[in-house]
Amino acid sequence: MLYHCLLIGLQDLELNTQQKLTKEQLAEEIRSALTPRDLNVFDELCLQPSDNKVSEMLVQKLDNEPEELNALREENLRWQIVYEQGSKSRNRFVRDWFAFNLTLNNVLAATICRKHGFDISTAIVGEGPVQDLLRTSNAKDFGLTGEVEEIDEMLKLCTIDDLYEREKKTDALRWAWLEEHTSFQYYELENVLSYWLMAQMLFRWDLLNVDEGTRVFREMIADMKRDVKF
């Protein structure tokens, strides 16, 4: 289904105007316009580690875990459940988005662990070929060149010592990924999902002034493109 009316009615993220809707209002606006089938996809995209659904699934996973679970292990398990659910989505955009973020977060975690001498294996979320390389490879790129398209950009983020700047540019990479994966789609569900994710980044940084928020992200993306060819 195409969502002309919804996307045309929503505020353009690139306009020089302040956000008219709160996060909750935007979610309700989107939910009310989606078909039941697409609403299920939206809910898959919005799944968070703290959700009741994840807590229920965590209880099932803990059957084979020790009685006392440390906070890091529980947090990793919660995120693992989120990514597992995302990977099962019937929507390819959602599957790819979760896969991209899983790899991105794991690369950042592995690099930090390597830099400070921490145990990488305990910080990596999930199982798979990429996770295996992150846990075992001694190569500078963890052996991921050729395996992960954005590995150069991800490793470049790891060289930024300022935590605030690193987090900003990490979101800029996410923003660029969303633009790239919806560039040939118009008014489709994927455009709605991408809009929601971009808006969440602006909400996250309290950049309710859309002009300023978009300018910051655009400048970061431009800087990254000058340094690393996408």
Side-chain angles (χ1 to χ4, degrees), residues 1-48 51 79 82-83 85-105 148-150 153-154 157 167-225 228 230:
M1 178 175 175
L2 299 181
Y3 291 98
H4 299 82
C5 294
L6 172 62
L7 288 167
I8 291 175
L10 289 174
Q11 184 178 7
D12 193 323
L13 292 178
E14 296 182 0
L15 290 177
N16 295 334
T17 55
Q18 189 174 7
Q19 282 279 29
K20 298 176 181 178
L21 300 177
T22 65
K23 179 178 179 179
E24 293 73 21
Q25 289 171 332
L26 177 59
E28 179 59 29
E29 187 83 6
I30 291 175
R31 288 179 181 278
S32 64
L34 297 179
T35 66
R37 182 179 174 86
D38 288 347
L39 181 57
N40 288 334
V41 176
F42 182 70
D43 288 337
E44 292 171 346
L45 184 72
C46 295
L47 187 65
Q48 293 295 314
D51 291 351
W79 276 111
V82 170
Y83 288 120
Q85 293 303 300
S87 70
K88 297 176 184 177
S89 173
R90 66 175 179 82
N91 182 277
R92 180 177 178 179
F93 174 88
V94 173
R95 295 196 305 270
D96 290 347
W97 171 251
F98 275 101
F100 167 74
N101 276 280
L102 175 59
T103 299
L104 172 59
N105 291 330
V148 176
E149 181 179 352
E150 303 88 353
E153 293 95 321
M154 293 178 182
L157 293 171
E167 195 66 15
K168 282 282 192 177
K169 289 195 173 183
T170 300
D171 270 358
L173 180 58
R174 293 187 177 104
W175 188 286
W177 188 96
L178 291 169
E179 287 188 326
E180 179 182 351
H181 285 75
T182 55
S183 58
F184 297 106
Q185 294 169 306
Y186 306 95
Y187 306 116
E188 298 180 30
L189 173 62
E190 288 73 17
N191 300 104
V192 177
L193 302 178
S194 179
Y195 183 99
W196 167 257
L197 292 168
M198 287 178 170
Q200 298 320 293
M201 290 186 227
L202 296 177
F203 285 129
R204 179 174 175 234
W205 292 104
D206 292 327
L207 294 175
L208 299 182
N209 181 300
V210 179
D211 179 44
E212 177 64 9
T214 302
R215 182 188 65 78
V216 170
F217 280 113
R218 295 293 182 189
E219 288 180 356
M220 291 177 183
I221 293 170
D223 289 341
M224 293 171 65
K225 286 183 177 179
V228 182
F230 276 89

> Which heavy-atom pair separates Glu188 from Leu7 by the least distance, and what is that distance?
Replying inline: O-CD1, 4.3 Å

>> Please report the interatomic distance CG(Leu10) to CG(Asn191), rounded to the nearest 0.5 Å.
In response: 11.5 Å

> At what distance, to the nearest 0.5 angstrom, does OH of Tyr195 lie from CG of Leu26?
Replying inline: 6.0 Å

> Yes or no on side chain to side chain contact (heavy atoms under 4.5 Å, CB included) for Val41 and Phe93, after CA distance, side-chain angles and deciding distance?
Replying inline: CA-CA 10 Å; Val41 176; Phe93 174 88; over 6 Å; no

>> Determine whether a donor-acceptor pair (N or O, by modelled atom type, separation under 3.5 Å) exists between the side chain of Ser89 and the backbone of Gly86.
In response: no

> Which heavy-atom pair separates Leu178 from Ser194 by the least distance, and what is that distance?
Replying inline: CB-OG, 3.5 Å

>> Side chains of Phe98 and Val82, heavy atoms from C-beta outward: is any pair under 4.5 Å?
In response: yes

>> If you define the side chain from C-beta out and look only at heavy atoms, does anything of Tyr187 sit under 4.5 Å from Ile8?
In response: yes

> Does the side chain of Glu44 reach to within under 4.5 Å of the side chain of Lys88, using non-hydrogen atoms?
Replying inline: no

>> Please give me the minimum heavy-atom distance between His181 and Gln185, naming the atom from each residue.
In response: O-OE1, 3.2 Å

> Between Trp97 and Leu193, is any pair of side-chain heavy atoms under 4.5 Å apart?
Replying inline: no

> Mind checking whether Trp196 and Phe42 have parallel, tilted or perpendicular rings, split at 30° and 60°?
Replying inline: perpendicular

> Just by distance, do the side chain of Asp51 and the backbone of Leu47 share a donor-acceptor pair under 3.5 Å?
Replying inline: no

> What distance do Glu167 atom CD and Leu157 atom CG have between them, rounded to the nearest 0.5 Å?
Replying inline: 9.5 Å

>> Quick one, Asp38 with Arg90, criterion salt bridge (Lys or Arg N to Asp or Glu O under 4.0 Å). Give me CA distance, side-chain angles, the key distance, then yes/no.
In response: CA-CA 10 Å; Asp38 288 347; Arg90 66 175 179 82; 3.3 Å; yes

> Under a 4.5 Å cut-off applied to non-hydrogen side-chain atoms, are Glu28 and Gln25 in contact?
Replying inline: no

> Quick one: does Arg95's side chain have a donor or acceptor within less than 3.5 Å of a partner on Ser87's backbone?
Replying inline: no

> So how far is it from Leu189 CG to Thr35 OG1, rounded to the nearest 0.5 Å?
Replying inline: 7.5 Å

> Is atom CZ of Arg31 surrounded by more than 12 heavy atoms (other residues, nucleotides or ligands) closer than 6.0 Å?
Replying inline: yes

> Can you tell me how far CG of Asn40 sits from CG of Asn91, rounded to the nearest 0.5 angstrom?
Replying inline: 11.5 Å

> What distance separates Trp175 CH2 from Lys168 NZ, expressed to the nearest 0.5 Å?
Replying inline: 10.5 Å

>> For Glu150 and Val148: C-alpha separation, side-chain torsions, deciding distance, then whether side chain to side chain contact (heavy atoms under 4.5 Å, CB included) applies.
In response: CA-CA 6 Å; Glu150 303 88 353; Val148 176; 4.0 Å; yes

>> Is the shortest side-chain heavy-atom distance between Phe100 and Met154 below 4.5 Å?
In response: yes

> Are side-chain heavy atoms of Leu34 and Tyr3 found at a separation under 4.5 Å?
Replying inline: yes

> Where do Tyr83 and Asn105 land on the side chain to side chain contact (heavy atoms under 4.5 Å, CB included) test, with the steps shown first?
Replying inline: CA-CA 11 Å; Tyr83 288 120; Asn105 291 330; 2.9 Å; yes

>> Arg174 vs Leu104, test: side chain to side chain contact (heavy atoms under 4.5 Å, CB included). Steps then yes/no.
In response: CA-CA 9 Å; Arg174 293 187 177 104; Leu104 172 59; 3.8 Å; yes

> Does the side chain of Leu6 come within less than 4.5 Å of Glu29's, by heavy atoms?
Replying inline: yes

